[in-house]
Structure formats: C-alpha cells, structure tokens
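Here is the structure we will look at, set down as structure tokens.
Computation of the quantities below employed the complete heavy-atom set of this structure, encompassing side-chain atoms and omitting hydrogens, waters and symmetry-equivalent molecules. Below, read A as the first sequence line, B as the second, and so on, with proteins coming before strands; counting in each chain starts at 1.
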Number of protein chains: 2
Amino acid sequence: MLVPRYVDKDERRRQVAAALHRIAAREGLDNVSIRTVAAEAGLSAGAVQRDFGTKDALLHFALREALAGVERRFSEVRVGPGRLSFADGLRTALLDLLPTDEQRLAETRVWSAFYARAAVDPGFADVLAELDARSREALRAAVGWAEEEGELAPGQDLDALVELLMVLVDGIWLSAVRLPRDASLDGLRAAVDAAVAAVTAGGPHRG
Amino acid sequence: MLVPRYVDKDERRRQVAAALHRIAAREGLDNVSIRTVAAEAGLSAGAVQRDFGTKDALLHFALREALAGVERRFSEVRVGPGRLSFADGLRTALLDLLPTDEQRLAETRVWSAFYARAAVDPGFADVLAELDARSREALRAAVGWAEEEGELAPGQDLDALVELLMVLVDGIWLSAVRLPRDASLDGLRAAVDAAVAAVTAGGPHRG
DNA sequence: GTCGTATCGATACAAGTGTATCGATTGGAG
DNA sequence: CTCCAATCGATACACTTGTATCGATACGAC
C-alpha cells in the first residue's frame, strides 16, 4: 500500500542536484536557492522543497553527487601490473584534472564552491575528509606498487610522497579553475610533466 | 575648504576590510553583508555604505587588502646570494603557508572564499591574475638564480618548474584550510620536504 | 558667536531568502 | 466506480539583502 506513486524520486533528486551543479558552476553557490534550482530543473519550488526538506540537505546531497562523479572518473585510471606504469598513470590522472571541456570546467567550479564552504562549515568538511581518506588510500597503494617496481627514486619517504601527490591534485585544479576561459593549459601541462619527472627521477624507468 | 573633516577615511576603510576578513574567515563570504560588516567593525551600516558606495566595491577593496597581506609576507623570504639557499628559501616560503596560528588560518580561509568567487566572477579573477603574474615573476627570478648556483637537477625546464611551484603553493594552502582544527600539519610539512627534495635533487647541494 | 557643509545614524523600499502550510489534483487500491 | 492518500503548484510569512534617501549633528571657516 505504501508504494511510491508516479515518479522516481531518486532519479529526480539526482536531476535537481545536476541543476544545482549547473547554477553553482555558472554563478556560484551564492546564487543557489531552492527557487533558482527548481527553475533550473524545470520543477516547482515546492517539489524541491518536498524532496529535500531543507536547503542544507539539498546542498549535502549535491556535494555527494559531485564527489561521486570525481571518484568515478579517478577510478578509471588503473595503475598496476599489466596496466599503466606509475609515471604514466600519475600523468594521466593529473592531466585529467584540467578543465579541457565545458563539462570538466563546470565540475571544477563546483568543487571550488564546495571547498570554500567546507573551510567554514564542518559538515561539508567531513564529507571532503572522507574523499581525502579514500584518495590517500588509493595513492598509497599506487605509490607502494611503484616503489616495488623501482619507479621511484630510492630512499623516498612514501607517506610524504603520498601527501605531496594529494597537494598536487588540489593545486592543479585550483590553479586551472581561475584561468581566463581562453587561456592555454600548456603551462599546467608542463607543470604536470615536471612533477611526474621530479617524483620518478632516479628510478630505472627514467629517460 | 574641501578638506577632510574628522576621520581618516583610508584608515577606516582598512578597518572595515579587516572586519570583513574576520567575518569571511569565521562564517564565509555568504554571511558578509554591509550590515554584518558594519556591526563587526563597530560602525553604522550607513558609514560603510558611504565609504564604499556599493557592496562590490567593498569586496574588491577587501580582496586587495588581503592580497597585500600575502605579498608582504612572501616578500620577507629573501632568496639570493648571501641569503638563504634556494632549497631553504623554498621550504621556508611553503611552510609559511601553513595555518600554524589563528591569524594564518583566518587568512587562508579568506583566500579560499575569494578564490571560489573568482572562479565565477571575472572581476575578482583579474585581481588574482595580477597576483599570479607577480608571483610567477618572483619565482622565475629565484629559479633562475638556483639554476646558476647549480642547486637544481640539470636539464630541468625552468618555466615548467615555475609553474609546478605555483601549483604547489595553491595546493598546500588549499589542503591545509580544510583540515580539522586539531589536525596535525606534519603530513603537509612532510609533503613540503618531499617537494623541495624532489625539485632540488641531483644538484651539488644535495644531501 | 553664526553659517555652511560634510558626515552622521536611521529609515524606507523593493527584491529575494528559507520554510510552513494550503486546497486542488491525481492515480492506484478496494 | 468510489475512495483515499500521496503528490502537486501556490501562497503566506518572517527575515535579510542592497541601496536610496532622510533629517539631525557637529565641526571648520569666518
């Protein structure tokens, strides 16, 4: 008897989150309101209000949706035996952060908005901390494998290297997101190459 | 006859900007309004309105004030003949980005808020682009000097190295700003050391 | 002293906000 | 078909926002 009626609620929640992402990317989180999001999603404000209850819940849902997108993208870069070398995988993953198309640029702007909010709202910081933890774990595995393969300069502190890579990830997209729309990304591409070279220099794979 | 009357307007503008910085650091740019800033500064809303005219002008002034603070801090790290080595200077500058006290943490949060806005508002992006240009120039000089001193691994692309350092700067403070208040900064310190080592490895100063 | 004016705090106003609540609608259960 | 509950769009409400404008005030010139 208590079956859902007409619409797929989860699907609509996802569409509302997508609408929020579009507004956040275009005008910033400041211009995200229940009404503007509803309009962007082609719904009535009441619908959004009913689906999420509170604006904070809406923002949290949208944040998790955005994070899921990032993790999906990142998980596609497989590094390991029989796959990409550590250097190539790292380069691919870092270059993949650059806003080379409209979609990617929008994503980056959304992150930027949420990160700023996380600096001030612990609820959002916690969600990002979970993402950090998972990223760190993945990087730790990749670095450990690279070490075994002899791709790293000997004597490196692996934990420190992981932290450095985390920093690089943040630095790259943050540097990219504030570039003028017509600016070249070549400088950042060069930086990625330099980073990969600096980190893997000295190993037998060098050159 | 047209002499200023009672108060030092420039001084008060700076105090208002400081009040804005406090609010932005504590609650984010969302909670910055002419009224809240005026209250934080101990002024009437009318005073702030008169001094800045529009809220956008107020924000731009506050952004430039914040940037001046950063540049003042950075310019204190002198690298060159008879001063710090490139490696030590770089390490000092990067470690100096970490929010080791309340004041520094507040500054970082303010940057974070303004950077998010710059991703969406070209007016703010332009101001940050000026800062980038000056930073790039300073880094270029330091890297050039390091090269002459043989502190760098041979055969490095200096322009790429400069871009990498720019990315590192952004990555470090962005990684730091979203850590829980009681979190240790040791991981980031280790990342800084790893970065300095990776960038300067191979030179005669090594070890 | 008196005058003139720059500056003061306060108020007015239209717009937009989050949220609570409404009666109408609608489609499945019986 | 009839009923009923879930869902709909719309409205109400109390706030906050940016900005324009006000008469009062208080100092400098004379």
Side-chain angles (χ1 to χ4, degrees), chain A residues 1-17 19-24 26-63 113-114 116-117 120-124, chain B residues 1-17 19-24 26-63 113-114 116-117 120-124:
Chain A
M1 38 204 74
L2 279 176
V3 277
R5 280 296 195 113
Y6 334 114
V7 300
D8 182 343
K9 276 243 222 144
D10 278 351
E11 172 58 21
R12 203 173 56 181
R13 282 164 70 94
R14 252 174 278 126
Q15 287 181 359
V16 171
L20 187 151
H21 291 161
R22 286 195 296 276
I23 295 182
R26 198 191 317 132
E27 315 163 35
L29 228 39
D30 296 359
N31 291 79
V32 165
S33 77
I34 292 193
R35 287 171 177 84
T36 59
V37 169
E40 173 80 25
L43 298 173
S44 72
V48 174
Q49 187 182 199
R50 251 192 329 279
D51 282 357
F52 293 95
T54 184
K55 185 191 179 183
D56 221 64
L58 167 59
L59 285 172
H60 269 91
F61 183 86
L63 170 58
F114 276 122
R117 183 156 187 134
V120 132
D121 183 327
F124 289 78
Chain B
M1 39 203 71
L2 278 175
V3 278
R5 283 297 195 108
Y6 337 110
V7 301
D8 182 345
K9 278 242 222 143
D10 278 351
E11 171 59 21
R12 201 172 59 180
R13 281 163 71 95
R14 254 175 277 126
Q15 286 182 359
V16 170
L20 188 151
H21 290 159
R22 285 195 296 277
I23 295 182
R26 198 192 316 133
E27 314 163 34
L29 227 39
D30 296 357
N31 290 80
V32 165
S33 77
I34 292 192
R35 286 170 177 84
T36 59
V37 169
E40 174 79 25
L43 298 173
S44 72
V48 174
Q49 188 182 197
R50 249 191 331 279
D51 282 358
F52 292 95
T54 184
K55 185 191 180 183
D56 221 62
L58 166 59
L59 284 172
H60 269 90
F61 183 86
L63 170 58
F114 276 121
R117 186 161 185 128
V120 134
D121 183 328
F124 289 79

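Under the side chain to side chain contact (heavy atoms under 4.5 Å, CB included) criterion, A:A113 pairs with A:L29, sequence neighbours left out. Annotation: side chain to side chain contact (heavy atoms under 4.5 Å, CB included) contacts of B:E27 (sequence neighbours excluded): B:I23, B:N31.
For residues 43-54 of chain A, the set of pairs meeting the side chain to side chain donor-acceptor pair (under 3.5 Å) definition, not counting sequence neighbours, comprises A:R12-A:D51. Sorted by first and then second residue, the salt bridge (Lys or Arg N to Asp or Glu O under 4.0 Å) pairs with a member in residues 33-49 of chain B read B:R22-B:E40, B:R26-B:E40; sequence neighbours excluded.
Rounding to the nearest 0.5 angstrom, the gap separating the CG atom in A:L43 from the CD1 atom in A:I34 is 12.5 Å.
As judged by a 4.0 angstrom heavy-atom cut-off over every strand, B:A45 is placed among residues making no nucleic acid contact.
As rounded to whole Å, 16 Å separates atom P of D:dT16 from atom CG of B:D30. Atoms CG (B:L29) and C1' (D:dT17) sit 14 Å apart, rounded to a whole Å. At whole-Å resolution of the value, NZ in A:K9 and P in D:dC8 are 8 Å apart. In this entry the distance linking CG of B:D51 with P of C:dG9 reads 10 Å, nearest Å.
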Could you walk me through whether A:L59 and A:L20 pass side-chain contact (heavy atoms from CB on, under 4.5 Å), step by step?
CA-CA 8 Å; A:L59 285 172; A:L20 187 151; 3.9 Å; yes
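Sequence order on DNA chain C of the closest nucleotides to B:G42 and A:T36 puts B:G42 first from the 5' end.
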Summarise how protein sits on nucleotides 18-23 of chain C as a single string, 5' to 3': B when a protein heavy atom is under 4.0 Å from the base, S for sugar-phosphate-only contact, - for no contact.
BBB---
